[in-house]
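Comments concern the structure below.
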Amino acid sequence: MKVGIMGGTFDPIHMGHLMAAEAVKDAYKLDEIWFMPSHIPPHKHAAGATGEQRLEMTNLATEEYEDYRVLDVEIIRGGVSYTVDTMEIIRRQHPDIDLYFIIGADMVNYLSRWERIEDLTKLVTFIGVGRPGFELHLDDLPDFLQEHVLHADMPQVEISSTGIRRRLAKGRSVRFMVPQAVLDYITRSGLYAAEPR
């Protein structure tokens with residue numbers, strides 16, 4: 001079986017994440033996509049929702065799709081989330097699955113700086129997904145990385161979790177930017193709302 005893993009803070013998960021996942025699944029004929037909310041990613045600071053809330057939003061966004069699953073391994077483990085540590089766990093649990101790790105084009109250029117990247121390339125193949133404003137230059141990667149990175153195009157939509165949080169803080173609509181079930185959850189939970197003055 002061929003599985004794509006999409007990690008991220010998903011704070012909140014939005015339609016751009018789902019479109020990227022589907023573009024990769026279609027391009028490389030993957031059997032499933034596993035979404036994996038991170039606990040504390042090394043390159044970001046927590047923004048708004050707790051790990052449990054981000055996990056719940058990810059479940060809500062994907063629950064109607066049989067070929068989409070959600071992994072809670074990083075939320076449960078806690079601490080700083082290094083991809084190589086998590087992939088070692090998943091590889092032990094699923095030794096016979098071909099694993100593809102989906103990342104944005106903006107992250108591809110930084111792969112050589114990832115924790116234990118050479119070990120990680122033995123566990124997964126990376127698939128870089130095009131994002132607005134970022135070009136994928138695989139030739140610029142170190143030689144040992146180039147053969148472990150694939151590319152997938154997707155419809156270019158300018159949606160980001162940061163932009164969604166900003167809009168919500170200003171009381172603006174994010175309808176059609178996030179799945180309706182996620183929007184309902186955000187509304188019920190009062191997430192990302194502006195602080196009262």
Side-chain angles (χ1 to χ4, degrees), residues 1-11 13 16-47 50-52 54-55 58-59 62 67-131 134-154 160-161:
M1 188 161 78
K2 296 166 67 175
V3 170
I5 295 180
M6 178 176 277
T9 47
F10 302 129
D11 193 15
I13 189 167
H17 293 127
L18 299 177
M19 291 172 71
E22 191 64 19
V24 169
K25 183 176 181 295
D26 180 59
Y28 290 98
K29 307 304 177 199
L30 305 185
D31 297 291
E32 293 184 355
I33 301 289
W34 297 354
F35 292 80
M36 186 176 65
S38 55
H39 183 254
I40 304 171
H43 58 284
K44 288 187 179 181
H45 299 286
T50 65
E52 290 71 22
R54 292 183 288 107
L55 186 64
T58 307
N59 276 313
T62 59
D67 49 354
Y68 285 3
R69 288 178 48 190
V70 178
L71 302 180
D72 60 5
V73 58
E74 291 199 341
I75 299 293
I76 288 175
R77 193 175 76 220
V80 173
S81 300
Y82 286 111
T83 302
V84 64
D85 298 330
T86 307
M87 290 303 106
E88 286 177 338
I89 293 170
I90 294 173
R91 171 56 66 208
R92 286 195 296 271
Q93 294 172 340
H94 305 280
D96 299 325
I97 289 178
D98 292 332
L99 296 175
Y100 297 82
F101 200 82
I102 303 165
I103 57 176
D106 54 325
M107 294 302 298
V108 170
N109 299 326
Y110 296 97
L111 274 177
S112 60
R113 303 181 202 170
W114 282 31
E115 184 81 7
R116 293 174 50 211
I117 185 61
E118 293 196 39
D119 291 334
L120 187 52
T121 60
K122 297 170 187 169
L123 301 169
V124 303
T125 298
F126 289 95
I127 301 178
V129 182
R131 289 183 59 178
F134 294 96
E135 289 189 28
L136 218 51
H137 299 290
L138 298 183
D139 292 343
D140 294 341
L141 293 173
D143 290 343
F144 80 92
L145 260 178
Q146 289 183 25
E147 62 187 276
H148 297 284
V149 181
L150 305 173
H151 174 256
D153 288 316
M154 66 168 280
S160 72
S161 297

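Note that this is a predicted model, so its numbers are computed, not measured.
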Any idea how Phe101 and Trp114 line up, ring-wise: parallel (<30°), tilted (30 to 60°), or perpendicular (>60°)?
perpendicular
Is there side-chain contact between Glu115 and Thr83, with heavy atoms separated by less than 4.5 Å?
no
Between Val124 and Arg91, does a side chain to side chain contact (heavy atoms under 4.5 Å, CB included) hold up when you go through it step by step?
CA-CA 9 Å; Val124 303; Arg91 171 56 66 208; 5.8 Å; no
Using side-chain heavy atoms (C-beta onward) and a distance below 4.5 Å, is Met87 in contact with Ile5?
yes
So, His39 side chain and Glu74 main chain: donor-acceptor pair closer than 3.5 Å or not?
no
So do Tyr28 and Tyr100 actually touch side chain to side chain, heavy atoms under 4.5 Å?
no
So, does Asp31 use its side chain to make a donor-acceptor pair with the main chain of Lys2 at under 3.5 Å?
yes
With a 4.5 Å limit on heavy-atom distance, are the side chains of Val70 and Pro37 in contact?
yes
To the closest 0.5 Å, what do you measure between CE (Met6) and OG1 (Thr62)?
12.0 Å
CZ (Phe144) with more than 12 external heavy atoms under 6.0 Å:
yes
Side-chain donor/acceptor of Gln146 to backbone N/O of Leu141, under 3.5 Å
yes
CA sep, side-chain torsions, deciding dist, call: Val108, Phe126, side chain to side chain contact (heavy atoms under 4.5 Å, CB included):
CA-CA 9 Å; Val108 170; Phe126 289 95; over 6 Å; no
Rounded at 0.5 Å granularity, tell me how far CZ in Phe35 sits from OG1 in Thr58.
8.0 Å
d(Ile127 CD1, His151 NE2) to nearest 0.5 Å is 11.0 Å
Name the atoms and distances for all side-chain donor-acceptor pairs under 3.5 Å in residues 18-26, with sequence neighbours left out.
{"unit_1": "Glu22", "atom_1": "OE1", "unit_2": "Tyr68", "atom_2": "OH", "d": "2.6"}
{"unit_1": "Lys25", "atom_1": "NZ", "unit_2": "Asp67", "atom_2": "OD2", "d": "3.1"}

Check: Arg77 and Thr86 side chains under 4.5 Å, non-hydrogen atoms:
yes
Do Arg116 and Asp85 have side chains that get closer than 4.5 Å, going by heavy atoms?
yes
Walk me through it: do Ile75 and Arg54 pass the test side chain to side chain contact (heavy atoms under 4.5 Å, CB included)?
CA-CA 9 Å; Ile75 299 293; Arg54 292 183 288 107; 4.1 Å; yes
Euclidean distance, Asn109 CG relative to Asp140 CG, rounded to 0.5 Å
7.0 Å
Kindly give the heavy-atom pair with the smallest separation between Ser112 and Pro142, and that separation in Å.
CB-CG, 3.8 Å
Nearest atoms (heavy-atom pairs only) where Leu55 meets Leu71:
CD1-O, 4.0 Å
Side chain to side chain contact (heavy atoms under 4.5 Å, CB included) between Leu99 and Ile90, intermediate numbers included
CA-CA 9 Å; Leu99 296 175; Ile90 294 173; 4.0 Å; yes
Which value, rounded to the nearest 0.5 Å, describes the distance between Met154 atom CE and Ile102 atom CD1?
11.0 Å
